[in-house]
Amino acid sequence: MKKLMLAAIAATAFGAAAPAMAEVVVVVNAKAAESTMSKEQVAQFFLGKSTAMTPIDQTESAPIRAEFYKKVADKDAAQAKALWSKLVFTGKATMPKEVGDSAAVKAALAANPKAIGYIDKSAVDATVKVVYTAQ
């Protein structure tokens, strides 16, 4: 009984200490024609398989970037970087523009109506349109 209680307390303590994962949403310019996209469509832009939209990445050190690639492209950060390196080396694509945070993503989308990016859901405002919610 005592061990069971200790295990429950430890599980609760570790659960509370675990970092909360951000809710990642994919966004476009508020005036863009796109209203919804599938996971596969979004992945195509961020894996260099489609040039119809310009992907805006957050910096490599941003935790949301790793979460985005894991949830949308089923790749870890190293796999995504390797894929882009290959595309750039073979001349098939150029690296996505990298910005520092959600505010910078929104600014980049405002400047380019064909851009697509990802931000934390809490940063959504009237300047962007959510086209996909990563799960």
Side-chain angles (χ1 to χ4, degrees):
M1 179 75 169
K2 201 174 195 180
K3 286 183 182 178
L4 185 60
M5 285 181 59
L6 287 174
I9 291 169
T12 303
F14 286 118
M21 296 303 271
E23 189 167 0
V24 182
V25 294
V26 178
V27 291
V28 295
N29 183 298
K31 295 177 180 151
E34 295 79 11
S35 58
T36 62
M37 290 185 186
S38 68
K39 175 181 173 179
E40 292 74 24
Q41 288 173 306
V42 173
Q44 286 192 353
F45 298 125
F46 283 91
L47 296 177
K49 295 178 180 175
S50 174
T51 58
M53 296 195 84
T54 305
I56 306 294
D57 245 337
Q58 294 206 28
T59 59
E60 282 187 57
S61 61
I64 194 169
R65 180 172 171 158
E67 188 175 349
F68 168 79
Y69 277 100
K70 182 177 89 178
K71 288 182 175 179
V72 174
D74 298 320
K75 304 218 178 287
D76 65 30
Q79 290 172 316
K81 186 174 182 176
L83 179 73
W84 275 107
S85 295
K86 181 179 175 184
L87 290 170
V88 170
F89 182 74
T90 59
K92 294 180 180 173
T94 57
M95 294 289 284
K97 180 180 179 180
E98 230 178 70
V99 298
D101 57 16
S102 293
V105 170
K106 292 189 290 186
L109 296 180
N112 181 355
K114 283 294 193 184
I116 184 169
Y118 54 90
I119 60 175
D120 186 277
K121 186 176 183 180
S122 66
V124 172
D125 60 22
T127 65
V128 295
K129 185 190 314 181
V130 175
V131 292
Y132 180 76
T133 300
Q135 306 201 350

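Keep in mind that this is a model prediction, so the values were computed, not measured. For the numbers below, each heavy atom of this structure counts, side chains included, while hydrogens, waters and symmetry mates do not.
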(message) Looking at Q79 and D76, would you say the former's side chain and the latter's main chain have a donor-acceptor pair under 3.5 Å?
(response) yes

(request) Report yes or no: does K106 contribute a side-chain atom to a donor-acceptor pair with the main-chain N or O of A123 at less than 3.5 Å? (result) yes

(message) Would a single hydrophobic cluster contain both I64 and V28, if residues Ile, Leu, Val, Met, Phe, Trp and Tyr are joined by side-chain heavy-atom contacts under 4.5 Å?
(response) yes

(request) Working to the nearest 0.5 Å, report the span between CD of Q58 and CD of E98. (result) 9.5 Å

(request) Check step by step if side chain to side chain contact (heavy atoms under 4.5 Å, CB included) holds for T127 and L109. (result) CA-CA 8 Å; T127 65; L109 296 180; over 6 Å; no

(message) Tell me which pairs pass ring-ring contact (aromatic ring centres under 6.0 Å, His included) where either residue lies in residues 87-116, with sequence neighbours left out.
(response) none

(request) Sorted by first residue and then second, give each salt bridge (charged side-chain N to carboxylate O under 4.0 Å, His left out) pair with at least one member in residues 51-61; sequence neighbours left out. (result) D57-R65, E60-K81

(message) Counting neighbours of NZ on K97 that are heavy atoms of other residues, nucleotides or ligands and sit closer than 6.0 Å, is the number greater than 12?
(response) no

(message) Using 0.5 Å steps for rounding, measure from the CD atom of E23 to the CG atom of D120.
(response) 8.0 Å

(request) Apply ring-ring contact (aromatic ring centres under 6.0 Å, His included) to F68 and list each qualifying residue two or more places apart in sequence or on a separate chain. (result) F46, Y118

(message) Quick check on side chain to side chain contact (heavy atoms under 4.5 Å, CB included): which of V128, T133, V131 does V25 satisfy it with?
(response) T133

(message) Using a 3.5 Å distance criterion without hydrogens, assess whether the side chain of K129 forms a donor-acceptor pair with backbone atoms of E34.
(response) yes

